[in-house]
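In this chain, numbering begins with 1 at the start of the sequence shown.
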Amino acid sequence: MGATSEVYDALREADGTRVAVKLLRAELCLHAEMVARFLNEARTLMELRHPHLVRAFEVGVRPDGRPFMVLEWLPQDLHAVLRSAGGRLPTTDCARLVQQLAGALDHLHRQGFIHRDLKPANVLMACSEPGRMDARLTDLGLAKRSSGAATAAAALAVSTGAQARLGTWDSMAPEQWVDSKRVDAKADVYALGVLWFQLLTGRLPFEAGDEKGLMFQHLLEAPPLALLAASATRSWVGRMLAKKPVERPTLGELLGAFPNLPDAGGQG
């Protein structure tokens, strides 16, 4: 179960493959924006293919009006993996996961999409064994679609209030706090930096008890990079968490650096 959807374990009738059926909650079907976001996410996943993006097999609407999507079965998310590991992972596993997610995000960006909600709960695990971790980015419900998005299906219109904050507070880039609707790919780079910091240290770079406190820290306070061992990795995380989007690296630059990162080990 999720905040907006119900998820069921099922078997595909055609071949018996185990799948997950994601169904929009009945009460949310009364809101046109929620229905549009759900269907847009499903259709995007149907068209975009990447080894580290969750795969969708089918999308539709039930006779009672509730939209659904059929996804590959991945019952464990990164949040659960972190919890079972005591909150942090070995540096090589951290780098492996970040590299995989950077690849998936870069693919989304090249197709004209910004994810806007990267966090451990939105990363599903195909394999969680140390040294072999295999992640799948999921949940494009808050994804921003540019006018030049390359997917063939026409997106349903979504209207969001100008003052709405879209995303998860812990991972939102400074500009996302100010205007969620106008962010670009650098907001996802920031969120990936937050995730990398969390994987390495077992805590978030910014922690506060309320929205206002978190916003202040993300906008104005420097991240506690001293908690990371002095290394090339710390330098990259620091750049990814820069307050100004222009000072953050591109995902292409990050992906190009992985072969030379001493903490990365052998990536696959």
Side-chain angles (χ1 to χ4, degrees), residues 2 20 22 37 40-57 59 69 71-82 89 92-128 132-146 148-151 153 155 166-168 171-173 176 183-199 233 236-237 240 248-259 261 264 266-268:
K22 186 175 179 180
R37 287 192 183 280
N40 285 344
E41 174 188 7
R43 291 167 182 171
T44 299
L45 288 173
M46 287 283 291
E47 294 186 26
L48 297 181
R49 289 286 185 261
H50 187 273
H52 299 293
L53 187 66
V54 69
R55 187 175 181 185
F57 302 109
V59 56
M69 65 180 92
L71 306 168
E72 61 179 318
W73 176 254
L74 299 165
Q76 189 176 43
D77 62 30
L78 183 54
H79 178 75
V81 171
L82 282 172
L89 298 175
T92 53
D93 284 333
C94 295
R96 182 184 185 89
L97 291 172
V98 169
Q99 184 177 16
Q100 292 173 0
L101 295 172
L105 288 168
D106 186 56
H107 181 66
L108 283 180
H109 295 168
R110 290 176 185 275
Q111 302 304 314
F113 294 89
I114 313 300
H115 190 280
R116 293 197 295 190
D117 198 23
L118 175 63
K119 57 185 177 182
N122 286 342
V123 177
L124 300 179
M125 303 300 295
C127 179
S128 58
R132 298 180 56 203
M133 291 193 175
D134 188 5
R136 302 284 190 277
L137 180 64
T138 188
D139 202 338
L140 304 185
L142 293 184
K144 174 188 173 185
R145 179 188 178 109
S146 72
T151 52
L166 303 177
T168 300
S171 305
M172 282 165 48
Q176 196 168 350
V183 299
D184 62 16
K186 292 297 185 71
D188 285 344
V189 173
Y190 184 93
L192 187 60
V194 170
L195 181 62
W196 203 351
F197 185 98
Q198 183 179 2
L199 294 176
T233 296
W236 278 102
V237 173
M240 293 166 76
R248 297 173 207 147
T250 65
L251 289 173
E253 291 170 337
L254 177 63
L255 288 166
F258 269 102
L261 277 179
Q267 301 301 302

Are S171 and K119 close enough, and set up right, to give a side chain to side chain donor-acceptor pair (under 3.5 Å), and what steps lead you there? CA-CA 7 Å; S171 305; K119 57 185 177 182; over 6 Å; no
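Taking every heavy atom of both residues into account, F258 and A95 meet most closely at CE2-O, 3.5 Å. Scanning all heavy atoms of the two residues, the minimum distance from A56 to L45 falls at CB-CB, 3.6 Å. Of all heavy-atom pairs between Y190 and A173, the closest is CD2-CA, 3.3 Å. Scanning all heavy atoms of the two residues, the minimum distance from A185 to I114 falls at N-CD1, 3.4 Å. Contact record, V81 with M125: CG2-CG, 3.8 Å, taken as the closest heavy-atom pair. Taking each heavy atom of E41 and D139 in turn, the nearest pair found is OE2-CA, 3.2 Å.
No side-chain heavy atom of L97 sits under 4.5 Å from any side-chain heavy atom of V123. When side chains are defined from C-beta on, L254 counts as touching M240, because their heavy atoms get closer than 4.5 Å. V98 places none of its side-chain heavy atoms less than 4.5 Å from the side chain of Q100. Contact check for L74 versus T138: no side-chain heavy atoms found under the 4.5 Å cut-off. Inter-residue side-chain proximity for L78 and L195 is flagged as met; some heavy-atom pair is nearer than 4.5 Å. H115 places a side-chain heavy atom less than 4.5 Å from the side chain of L140. Looking only at side-chain heavy atoms (C-beta outward), Q99 and L261 stay at 4.5 Å or farther from each other. Counting heavy atoms from C-beta on, the side chains of L89 and L82 come closer than 4.5 Å.
Evaluation of the salt bridge (charged side-chain N to carboxylate O under 4.0 Å, His left out) test over residues 183-197, restricted to residues two or more places apart or in two chains, returns none.
Note: L142 CG to L118 CG = 12.0 Å, rounded to the nearest 0.5 Å. The CG atom of D93 sits 11.5 Å away from atom CZ of R132, with the distance rounded to the nearest 0.5 Å. T168 OG1 to Q176 CD: the interatomic distance, rounded to the nearest 0.5 Å, is 8.5 Å. Atom-to-atom distance recorded for R96:CZ and M133:CE is 9.5 Å, nearest 0.5 angstrom. Taken from CD in Q111 to OG1 in T44, the straight-line distance is 10.5 Å, to the nearest 0.5 Å. Remark: D134 CG to L124 CG distance equals 11.5 Å, nearest 0.5 Å.
A side-chain donor-acceptor contact under 3.5 Å links K144 to the backbone of V183. Between the side chain of H52 and the backbone N or O of A135, at least one donor-acceptor pair lies under 3.5 Å. Using modelled atom types, no side-chain atom of R55 and backbone atom of E72 make a donor-acceptor pair closer than 3.5 Å.
Residues passing the ring-ring contact (aromatic ring centres under 6.0 Å, His included) test with F197, sequence neighbours excluded: none. H109 is linked by a ring-ring contact (aromatic ring centres under 6.0 Å, His included) to nothing, counting only residues two or more places apart in sequence or in another chain.
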